[in-house]
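Residue numbers start at 1 and run along the sequence shown. Every heavy atom of this structure was used, including side-chain atoms; hydrogens, water molecules and symmetry mates were not.
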Amino acid sequence: VTGGSVGISHPAPFFPNIGYSTVSFNDKEVITGSPGSSSVSLTTDTTIKTINLFYNVPFPVVSLAVGFGFGSDNLYTGVETTTTIVETTSEGTKRDSEKSNFKTDVTEGFIRIGLPFWSIIEFHLGYHVMSFTSIDITSKKSTEFQGTYSIDKKNYSGGMTTIGVQVAF
């Protein structure tokens, strides 16, 4: 899992700060049909991009940020998956690899608690909750499978703990 975020904070109260975040990860799976038959290998690269609105809540010793994010295809954000599909027949012959691309919207909520050092560096710990629809990673495949497989929809919704360093200038 890799990712990062960038944000712009300002001193005006009641106006949210704005940011952008991205997370990428890879998922590999091999599914076998009925015993002694063919198999399919699925390698899925997933990228989640969001635009974030957040508030910095003033506390004496620590900093606290609370916010939400959203992503949509028309904003060049959201969830994008690219699945490489390789089917191996029962004779051991591999069919040509094929790609299935899928995009959907995403929403997230997050909280970050930071410990400032001097006036320009802050170390923080955060928690993000993301939600989006289940993804059928083979729905955009152009040819039919030769074998019969039970391929479930992927549901990557859930929580993520983050650690980071914030630099102000």
If the condition is salt bridge (Lys or Arg N to Asp or Glu O under 4.0 Å), which residues does Asp136 pass it with, not counting sequence neighbours?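 Counting only residues at least two positions away or on another chain, Asp136 forms no salt bridge (Lys or Arg N to Asp or Glu O under 4.0 Å).
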Say whether, by atom type as modelled, one donor and one acceptor occur between the side chain of Thr88 and the main chain of Gly92 under 3.5 angstrom.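 Absent.
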Has Thr83 got a side-chain atom pairing as donor or acceptor with Thr43's backbone, closer than 3.5 angstrom?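 It does not hold such a pair.
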Are more than 12 heavy atoms, taken from residues, nucleotides or ligands other than Lys140, located less than 6.0 Å from that residue's NZ atom?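 No - once you tally the heavy atoms of other residues, nucleotides and ligands closer than 6.0 Å, there are 12 at most.
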Can you confirm whether Asp96 is buried at CG, in the sense that more than 12 heavy atoms of other residues, nucleotides or ligands lie under 6.0 Å from that atom?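 Atom CG in Asp96 is not crowded, with 12 or fewer foreign heavy atoms closer than 6.0 Å.
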Here's one to test your reading of the geometry: is the NZ or CZ of Arg95 within 45 degrees of the ring axis of Phe145 and under 6.0 Å from its centre?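 Output no; distance or angle outside limits.
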Applying side chain to side chain contact (heavy atoms under 4.5 Å, CB included) between Phe132 and each of Asp105, Ile48, Thr107, report the one that passes.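 Of all the options given, the one that passes is Ile48.
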Option passing side chain to side chain contact (heavy atoms under 4.5 Å, CB included) with Val79 (candidates Val23, Thr133, Val106):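 Looking at Val23, Thr133, Val106, the match for Val79 under the side chain to side chain contact (heavy atoms under 4.5 Å, CB included) is Val106.
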Begin with the C-alpha distance, continue with both residues' side-chain angles, and end with the deciding distance and a verdict on side-chain hydrogen bond (donor to acceptor under 3.5 Å, both in side chains) for Asp45 and Thr81. CA-CA 6 Å; Asp45 295 313; Thr81 64; over 6 Å; no
Which is it for Phe14 and Tyr55 under the ring pair (Phe, Tyr, Trp, His ring centres under 6.0 Å) test, yes or no, and what are the steps along the way? CA-CA 8 Å; Phe14 306 114; Tyr55 291 96; 8.4 Å; no
Does the distance from a Lys or Arg side-chain N to an Asp or Glu carboxylate O, for Glu29 and Lys154, drop under 4.0 Å?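 Looking at Glu29 and Lys154, the cut-off is met.
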In terms of side-chain heavy atoms, does Glu80 have a donor or acceptor partner in Thr47 at a distance below 3.5 Å?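 On atom types as modelled, these side chains do not qualify, holding no pair under 3.5 Å.
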